[in-house]
Amino acid sequence: MEIFIICVVAFIAAILTFFSGFGLGTILTPVFMIFFPVNIAIGLTGVVHFFNNVFKLILVGKIADKNVVLRFGIPAIIAAALGSWLLSNISDIAPLFTYSLFNRTFEVFPVKFILAVLLIIFACLDLIPYFSKLEFGKEKLPLGGLLSGFFGGLTGVQGALRSAFLIKAGLSKESFIATTVVVSTFVDVTRLSVYTTRFDKAELTDNMTLVICATLSAIVGAYIGNKLLKKVTLHFVKITVAILLILLSIGLGSGLL
C-alpha cells in the first residue's frame, strides 16, 4: 500500500514541480515520513528527487540561462552547504510554539516560521497586480541564490525561494523551468552529500523497489509536465508558483511540514 500511495504522490508532485520549480521534495518527504523514520524518509526522498532532477536536466537543461545559473547557482551551492552544516549543529533548537489538533502535536520551529513569512511576501508579489509587474534585477541573483540555498540546507525547502526569485528574473517560461532544474540539481548534490552522513545505505537497499517505483513515477510526471509546458503561459506559471508558495507557507507556518 505504501508503494502505491508514494508513487501516486510522486507522480502528481512531479507534474506540479515542473511548472513551479519546487514541490517534489517538499510534498514527498512528509508522505515518506508516514511510513519511515525521519532520517530514512529524508534519505529516500533525496534519492528520488535527485534522479528526477537528472531526468528533467536531460529534457530541458540545454535551454537554461547560463548567466543566471552561474550568478544564482554558485551562491546557492555555497549557502546550501552552510545551511546543512548549521542544521547539524542546531538540531536540538526549541520550537517556537506547539499545539495539538486531532490528537496530534505539531511543532513550529523559528526558522521554518520565518521562511513561511518570507514566502507569503513573495507570493503576494505575484498575486497583487502592481507587484506582479516588478522584476528583480540581475544584481539581485546572488542574494536570491544565497537565501534559497541557505534555507534549503537548513530546512530542506530549497525550491520555493529559488522560484520566487527566478520567476522575477525576466526569463521565458522555458528558460525559467530549465534554469530552476539546473540549479536544483547542483544543490541536490550538495544536500545529498550531507544526507549520506545521516542515512544508512542498508535502508536504501532494503527499500530499493519502493525507490525505483517512486523515481519512475516522478519521471513519468516530469515527462507529462514537459509536454504540458507548451500549452501553458508564463502567467499561468507565475500564478501556479504564487498559489503553491502560499500553500507551502501555511504548511511551514503551522508545523504540518
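For the side chain to side chain contact (heavy atoms under 4.5 Å, CB included) test, residues two or more places apart in sequence or in another chain that qualify with I212 are M208, L216. Residues passing the side chain to side chain contact (heavy atoms under 4.5 Å, CB included) test with F11, sequence neighbours excluded: I15, S217, V220, I224. Applying the side chain to side chain contact (heavy atoms under 4.5 Å, CB included) criterion to A218, with sequence neighbours excluded, gives A10, A14, L24, V48, N52.
The CG atom of L210 lies 5.5 Å from the CD1 atom of I3; values are rounded to the nearest 0.5 Å. The CG atom of L82 lies 5.5 Å from the CZ atom of F150; values are rounded to the nearest 0.5 Å. Taken from NZ in K140 to CG in L147, the straight-line distance is 12.0 Å, to the nearest 0.5 Å. Here the straight-line distance linking atom CZ of F55 with atom CD1 of I58 works out to 7.5 Å at 0.5 Å rounding. To the nearest 0.5 Å, atom CZ of residue F35 and atom CD1 of residue I6 are 5.5 Å apart. Here the CD1 atom belonging to I177 is positioned 9.5 Å from the OG atom belonging to S172, to the nearest 0.5 angstrom.
Among all heavy-atom pairs drawn from P142 and P75, the shortest one is O-CB, 3.6 Å. Shown here for R162 and T180, the closest heavy-atom pair between the two residues is NE-O, 3.7 Å.
Linking Ile, Leu, Val, Met, Phe, Trp and Tyr whenever their side-chain heavy atoms come within less than 4.5 Å leaves I78 and L141 in two separate clusters. Hydrophobic clustering (side-chain heavy atoms under 4.5 Å, transitive across Ile, Leu, Val, Met, Phe, Trp, Tyr) keeps I74 apart from L166.
Between the S175 side chain and the L171 main chain, no donor and acceptor come within less than 3.5 Å of each other.
Side-chain atoms of F51 and V211, non-hydrogen and from C-beta on, never get closer than 4.5 Å to each other. No side-chain heavy atom of S184 sits under 4.5 Å from any side-chain heavy atom of K56.
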Which pairs would a plain distance check flag for residues 60-73, meaning a side-chain donor or acceptor within less than 3.5 Å of a matching protein atom at least two apart in sequence or in another chain?
{"unit_1": "D65", "atom_1": "OD1", "unit_2": "N67", "atom_2": "N", "d": "3.1"}
{"unit_1": "D65", "atom_1": "OD1", "unit_2": "V68", "atom_2": "N", "d": "3.0"}
{"unit_1": "R71", "atom_1": "NH2", "unit_2": "K138", "atom_2": "O", "d": "3.4"}

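Think of L146 as one node in a network of Ile, Leu, Val, Met, Phe, Trp and Tyr side chains linked at under 4.5 Å; it has no links at all.
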